[in-house]
Amino acid sequence: MSDDNSLIYDDCTKVTSFCTVEHTIYGYAPNLGVNAFFCAFFGVFTIINVLLTWRYKTWFYGSLIVLGALGEGIGYVGRIMLHNNPWDTIGFQIQICTLIFSPSFLAAALYLTLKYIARAIGPQFSIIKPVLYPYIFIACDIFSLLLQAIGGGVASGADDQDGTKLGGNIMLAGIVFQVVTFLLLYILIAIYIIKLRKNASTLSSDAVSLLSSRDFKIFAWAMFVASLFIFIRCVYRIAELAEGWANEIMRDEVGYIILDGVMCLIATAAMTVGHPGHWFKYMTKADSSTAEREKPLRNESSDASVMA
């Protein structure tokens, strides 16, 4: 598993006087307490989101959060296995694959909310049709996810240093693509906000009421916080993988805990606490009919300029 002198340590399967912890890729045995906490946290939040999805009938949004939280929980099972045996190949494969791509599901849930936010406030302020947001950004997310999953599989199953390096580079490409997607998202949101402020006088009373409501502000801030922390985590992963395996950043457990584990924890918590089923009912099936959910909140006079 080690990138340094990998041929020498290829046959290591457990810690011995020769196969030391320091010669593994991470250079440490993951902290049991911290990883058990993360495993329990994501397990609990998986269950909570299953219940919230059932209650509010937010099937797509809820399923994405469940997949993201579940993947994170499974990943920390792999790290617990590495605590018990830092040379455990299966544990390494589990955590490298799931912890790399699970946040992509959380990102996809964020992209989904854009369509409903734009429709509810004013589709005319968006430079693309609101219905296209999930199609464009989730497609990008799927592409990023595939790259990360393929890279993780190649890296974890590689028999030599070249294979491991190739897998790492594929994962890196996937994460870089995800960061670029986030930057595009932020640009589109900024344009939307600018156009909204310039044309605030054209907002319908329903849209004004929504923007000033406490519920919507809580929902919007929760989604923003989640997106910010997922973005930070992705930037960290780029720095981690850019220098190859067993580099200084990758072997810093505290850095990983803060910039990956805690970032994903906060994002998952924000998207759960700020669940649209409670704070942004425009997205739910529990409180309104399909027609009401699909109907934009807008002035009749602006119908001609609305992009459905």
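Every value quoted in this text rests on a predicted model; they were computed, and no experiment measured them.
Nearest heavy atom pair, residue Cys39 against residue Gly73, reads SG-O, 3.6 Å. Here the closest heavy-atom approach between residue Pro86 and residue Thr24 is recorded as O-CG2, 3.6 Å. Of all the heavy atoms in Asp260 and Arg233, the pair that sits closest is OD2-NE, 3.2 Å. In terms of heavy-atom proximity, Trp87 sits nearest to His23 at CH2-O, 3.5 Å. Annotation for Cys234 and Ile175: closest pair O-CG2, 3.3 Å, computed over non-hydrogen atoms. For Ala120 against Ala207, the heavy-atom pair with the smallest separation is O-CB, 4.2 Å.
Cluster annotation: Ile80 is not connected to Val15 through the hydrophobic network of ILVMFWY side chains, with a link wherever side-chain heavy atoms come within less than 4.5 Å. Both Ile142 and Tyr135 sit in one connected hydrophobic cluster of ILVMFWY residues. Membership requires side-chain heavy atoms under 4.5 Å apart, directly or through other members. A chain of hydrophobic side-chain contacts below 4.5 Å, direct or via other Ile, Leu, Val, Met, Phe, Trp or Tyr residues, connects Ile117 to Tyr282. Note: the hydrophobic cluster containing Leu172 does not contain Phe143 (ILVMFWY, side chain heavy atoms under 4.5 Å, direct or indirect links). Linking ILVMFWY side-chain heavy atoms closer than 4.5 Å, directly or via other members, places Val176 and Ile96 in a single hydrophobic cluster.
Side-chain contact between Leu188 and Phe137 is present, with heavy atoms from C-beta onward closer than 4.5 Å. A heavy-atom distance below 4.5 Å is not found between the side chains of Asn35 and His83. The side-chain heavy atoms of Leu110 and Ile230, taken from C-beta on, include a pair separated by under 4.5 Å. In this structure, Arg251 and Tyr256 have side chains that are not in contact, with every pair of non-hydrogen atoms separated by 4.5 Å or more. In this structure, the side chains of Tyr76 and Pro30 stay at 4.5 Å or more apart for every pair of heavy atoms. Side-chain contact between Ile65 and Leu106 is present, with at least one heavy-atom pair separated by less than 4.5 Å. Proximity of Tyr111 to Thr181: side-chain heavy atoms (C-beta onward) are separated by under 4.5 Å at one or more points. Between Leu185 and Phe231, every side-chain heavy-atom pair lies at or beyond the 4.5 Å cut-off.
Using a distance-only test at 3.5 Å, with no hydrogens or angles considered, no donor-acceptor pair links the side chain of Asn49 to the main chain of Ser63. For the pair Ser227 (side chain) and Phe224 (backbone), a donor-acceptor distance under 3.5 Å is present. In this structure, Ser144 contributes its side chain and Gly174 its backbone to a donor-acceptor pair below 3.5 Å. With hydrogens and angles ignored, the 3.5 Å screen pairs no side-chain donor or acceptor of Ser209 with any backbone N or O of Ser205. Side chain of Trp279 to backbone of Val273: a donor-acceptor contact under 3.5 angstrom is found. Under a 3.5 Å cut-off, the side chain of Glu253 and the backbone N or O of Asn31 do form a donor-acceptor pair. Counting only distance, with no hydrogens or angles, the side chain of Thr284 and the backbone of Gly277 share no donor-acceptor pair below 3.5 Å.
Once rounded to the nearest 0.5 Å, the distance linking CG of Leu265 with CE of Met263 reads 9.0 Å. Atoms CZ and OG1, on Phe280 and Thr58 in that order, are 12.5 Å from each other to the nearest 0.5 Å. Taking NZ from Lys281 and CG from Asp215, the interatomic distance works out to 7.5 Å, rounded to the nearest 0.5 Å. Between atom CZ of residue Phe216 and atom CD1 of residue Ile121 there is a gap of 3.5 Å, rounded to the nearest 0.5 Å. Between Ile194 atom CD1 and Asn199 atom CG the span is 12.0 Å, to the nearest 0.5 Å. For the atom pair OG of Ser104 and CZ of Phe177, the computed distance is 11.0 Å after rounding to the nearest 0.5 Å.
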Q.
Applying side-chain contact (heavy atoms from CB on, under 4.5 Å) to Met271 and Tyr61, what does each step give before you reach the verdict?
A. CA-CA 10 Å; Met271 298 182 76; Tyr61 176 90; 3.5 Å; yes
Q. Given the rule in the side-chain contact (heavy atoms from CB on, under 4.5 Å) test, do Leu203 and Leu196 qualify, once you have shown the distances and angles that lead to the verdict?
A. CA-CA 8 Å; Leu203 287 171; Leu196 171 63; 3.6 Å; yes
**Q.** Evaluation steps, side-chain contact (heavy atoms from CB on, under 4.5 Å), between Phe37 and Ile257
**A.** CA-CA 11 Å; Phe37 167 76; Ile257 290 170; over 6 Å; no
Q.
Assess the residue pair Ile127 and Lys195 against the criterion (side-chain contact (heavy atoms from CB on, under 4.5 Å)); give the C-alpha distance rounded to whole Å, side-chain angles, the decisive distance to 0.1 Å, and a yes or no.
A. CA-CA 9 Å; Ile127 62 175; Lys195 293 182 68 175; 4.3 Å; yes
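Residues Tyr133 and Ser126 bring a donor and an acceptor atom of their side chains to less than 3.5 Å of each other.
Under the side-chain contact (heavy atoms from CB on, under 4.5 Å) rule, Tyr116 has a single partner from Leu112, Leu114, Thr113, which is Leu112.
Residue Ile90 places its CD1 atom among 12 or fewer non-hydrogen atoms of other residues, nucleotides or ligands, all under 6.0 Å distant.
A cation-pi geometry, defined here as NZ or CZ lying under 6.0 Å from the six-membered ring centre and within 45° of its normal, holds between Lys57 and Trp54.
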